[in-house]
**Student:** 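Okay, handing you the structure first.
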Amino acid sequence: MKINLFIPTLALVGITFFACTETKTIEISEEQETAATVAPIGDSAYSLSYAGLTAVIDFKNGGRLEALSLGDKNILSGKKVNPGNWGTSLWPAPQSAWGWPPSQELDNFAYTVVQDSTEIILKSKKDPKQSFIFTKAYKINTADTTLVVTYTILNDTTIAQKVAAWEISRVAPGGLTFYPSGDEAKRGLLAPLTKDSLGATWYQHKPETVPATGPPGSTKVFADGKEGWLAQFSNGMLLVKSFEDVAAGKYAPEEGEIELYANPDHSYIEIEQQGTYVELKAHEELKYTVTYKLVKLPETSSVNISYKELLDLARSSRK
């Protein structure tokens, strides 16, 4: 059908701004897009798409979120940058319980596809060291065009053990990472490089400032957050990850609710968050949900946007 409209004000489409003061004829399809589209990519991955948002999930490689794009812009760092550390991973916290490298069964091996309709559900093999089994469920909420990822950690053993969910997302270097500041002091070699302003902590990645010395994996920030979100601004894109807010001191030992890592070769950074550290009885499970919102800013706005404007946008975009 066709509708003639007179629009004498500022219009907002996605996050692209334009003014319109003339009569426009708008074509409205009788068949509106109402559900996300799932499509296989070769024999190893799926794409999950809706209204310009596309998630690529690689079930043959740890069930990871490989890419998250709005239009033609992907916010996540890929396999070509680092063949081991790419996309988004889920690890059990604390790291002291398993050392390094992460479990192959949980982070690298193929997951079983449980469902691949409008929601993609994947299940890992059993980790031989800690006996955890991961389930990862990916879906797009069409009401607000967000990607919702629900993780399940099953303690598939006969004893109780403590664990927290730990999600790691790799993004391109050179961006601005920020989150609402928590009550505890920040720790780590990157802590002096952060800035506190407007009740938030800001980290502008600059390769020349990343410490060149220290043990492997030490170029990090460990922090307490608030409000349950973490944001990344890079190349005109804003990524907001929303999750449960963990009370100060309730995360895993030697960890943080919010963690940032700058790879020493300056090829990527990691924006990470952890859930509450809990005890799982034998065969008990926990669930941890993360919501991803991607916002594309107009080129003219993204160059000169202020901290306050970014904060306001992130808060309005969080789930």
Side-chain angles (χ1 to χ4, degrees), residues 64 75-103 107 164-226 229-235 237-241 243 246 248-249 251-275 277 307 310-311 314:
R64 298 193 204 181
I75 195 73
L76 298 179
S77 182
K79 300 172 186 175
K80 292 181 179 180
V81 174
N82 188 295
N85 298 316
W86 51 270
T88 292
S89 292
L90 180 72
W91 296 343
Q95 187 173 344
S96 58
W98 48 268
W100 189 262
S103 165
D107 199 42
W166 178 7
E167 190 194 57
I168 303 97
S169 297
R170 290 93 181 183
V171 295
L176 177 66
T177 311
F178 60 101
Y179 59 89
S181 303
D183 298 323
E184 298 184 349
K186 295 183 288 292
R187 300 171 282 119
L189 291 180
L190 295 186
L193 303 180
T194 63
K195 176 181 179 179
D196 295 312
S197 178
L198 302 173
T201 297
W202 307 80
Y203 173 61
Q204 176 66 63
H205 179 259
K206 297 179 180 179
E208 65 273 14
T209 64
V210 176
T213 59
S218 63
T219 49
K220 293 196 72 169
V221 175
F222 300 86
D224 177 35
K226 282 186 177 179
W229 61 269
L230 169 64
Q232 176 73 17
F233 179 59
S234 179
N235 297 321
M237 298 282 287
L238 177 68
L239 168 66
V240 182
K241 299 205 294 179
F243 40 83
V246 179
Y251 40 79
E254 301 178 6
E255 302 286 353
E257 180 188 8
I258 304 292
E259 299 186 7
L260 309 178
Y261 170 71
N263 198 45
D265 70 3
H266 314 310
S267 59
Y268 68 92
I269 64 173
E270 294 179 346
I271 58 173
E272 316 169 12
Q273 82 282 342
Q274 298 189 11
Y277 188 53
Y307 277 6
L310 281 173
L311 266 180

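Values below: all heavy atoms of this structure, side chains included; hydrogens, waters and symmetry mates excluded. Bear in mind that the values here come from a model prediction, so they are computed numbers and not experimental data.
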**Student:** Return yes if some donor-acceptor pair links the side-chain N/O of Gln204 with the main-chain N/O of Gly175 below 3.5 Å, else return no.
**Tutor:**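 Side chain of Gln204 to backbone of Gly175: a pair is present.
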
**Student:** Does Glu254 CD have over 12 foreign heavy atoms under 6.0 Å away?
**Tutor:**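 Not more than 12 within 6.0 Å, no.
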
**Student:** With rounding to the nearest 0.5 Å, note down the distance linking CD in Glu167 to CG in Leu230.
**Tutor:**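 Result: 9.5 Å between the selected atoms.
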
**Student:** Tell me whether Glu255 contacts the main-chain N or O of Gln95 through its side chain, where contact means a donor paired with an acceptor under 3.5 Å.
**Tutor:**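 Here the side-chain-to-backbone pair exists.
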
**Student:** Check whether any side-chain heavy atom of Glu259 lies under 4.5 Å from a side-chain heavy atom of Ile168, and answer yes or no.
**Tutor:**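 Side chain of Glu259 against side chain of Ile168, heavy atoms only: no contact under 4.5 Å found.
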
**Student:** Do Thr219 and Tyr261 make a side-chain contact, defined as non-hydrogen atoms from C-beta onward lying under 4.5 Å apart?
**Tutor:**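 Thr219 vs Tyr261: side chains touch.
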
**Student:** Counting C-beta onward and ignoring hydrogens, is there a side-chain heavy-atom pair between Thr177 and Val221 closer than 4.5 Å?
**Tutor:**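 Not in contact.
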
**Student:** Would you check if Leu260 and Ile271 make a side-chain contact, meaning some heavy-atom pair closer than 4.5 Å?
**Tutor:**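 When only atoms from C-beta onward are counted, Ile271 and Leu260 do touch, with a gap below 4.5 Å.
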
**Student:** Taking only residues two or more places apart in sequence, or in another chain, which ones meet Phe178 in a ring-ring contact (aromatic ring centres under 6.0 Å, His included)?
**Tutor:**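 Only Trp202, Trp229 meet the ring-ring contact (aromatic ring centres under 6.0 Å, His included) criterion with Phe178.
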
**Student:** Does the side chain of Pro264 come within less than 4.5 Å of Val210's, by heavy atoms?
**Tutor:**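 No; the side chains remain at least 4.5 Å from each other.
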
**Student:** Check for a donor-acceptor pair, side chain of Asp265 on one end and backbone N or O of Ser267 on the other, with a separation under 3.5 Å.
**Tutor:**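 A pair under 3.5 Å: yes.
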
**Student:** Can you name the nearest heavy-atom pair linking Val246 to Gly275, along with the distance?
**Tutor:**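 Looks like CG2-C, 3.6 Å.
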
**Student:** Under the side chain to side chain donor-acceptor pair (under 3.5 Å) test, which residues partner Trp91, sequence neighbours left out?
**Tutor:**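 Listed in chain order: Asp107.
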
**Student:** Between the main-chain N or O of Ala223 and the side-chain N or O of Glu257, is there a donor-acceptor pair closer than 3.5 Å?
**Tutor:**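 Not confirmed, Glu257 side chain does not pair with Ala223 backbone.
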
**Student:** Is the side chain of Ser77 donor-acceptor paired with the backbone N or O of Arg170 at a distance under 3.5 Å, no angle test?
**Tutor:**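 Not a single qualifying donor-acceptor pair exists.
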
**Student:** Could you check whether any side-chain heavy atom of Val81 comes within less than 4.5 Å of a side-chain heavy atom of Trp86, counting everything from C-beta outward?
**Tutor:**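 The answer is no; the side chains never approach within 4.5 Å.
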
**Student:** Where the side chain of Ser181 meets the backbone of Thr201, is there a donor-acceptor pair that is under 3.5 Å apart?
**Tutor:**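 It does hold such a pair.
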
**Student:** Determine, step by step, whether Ile258 and Asp224 satisfy the side chain to side chain contact (heavy atoms under 4.5 Å, CB included) criterion, reporting the C-alpha distance in whole Å, the side-chain angles of both residues, the deciding distance to 0.1 Å, and the verdict.
**Tutor:** CA-CA 6 Å; Ile258 304 292; Asp224 177 35; over 6 Å; no

**Student:** How close do Gly225 and Tyr179 get, counting heavy atoms only, and between which atoms?
**Tutor:**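 In terms of heavy atoms, the two residues are closest at CA-CD1, 4.3 Å.
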
**Student:** Have Glu272 and Trp166 got a donor and an acceptor in their side chains that come within less than 3.5 Å?
**Tutor:**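 A pair is found: one side chain offers a donor N or O, the other an acceptor, under 3.5 Å apart.
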
**Student:** Can you measure from NZ (Lys241) to OG1 (Thr88) and round to the nearest 0.5 angstrom?
**Tutor:**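 Separation between the atoms: 5.5 Å.
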
**Student:** Looking at Ala165 and Leu90, what are the two nearest heavy atoms and their distance?
**Tutor:**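 Residues Ala165 and Leu90, closest heavy atoms: CB-CD1, 4.1 Å.
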
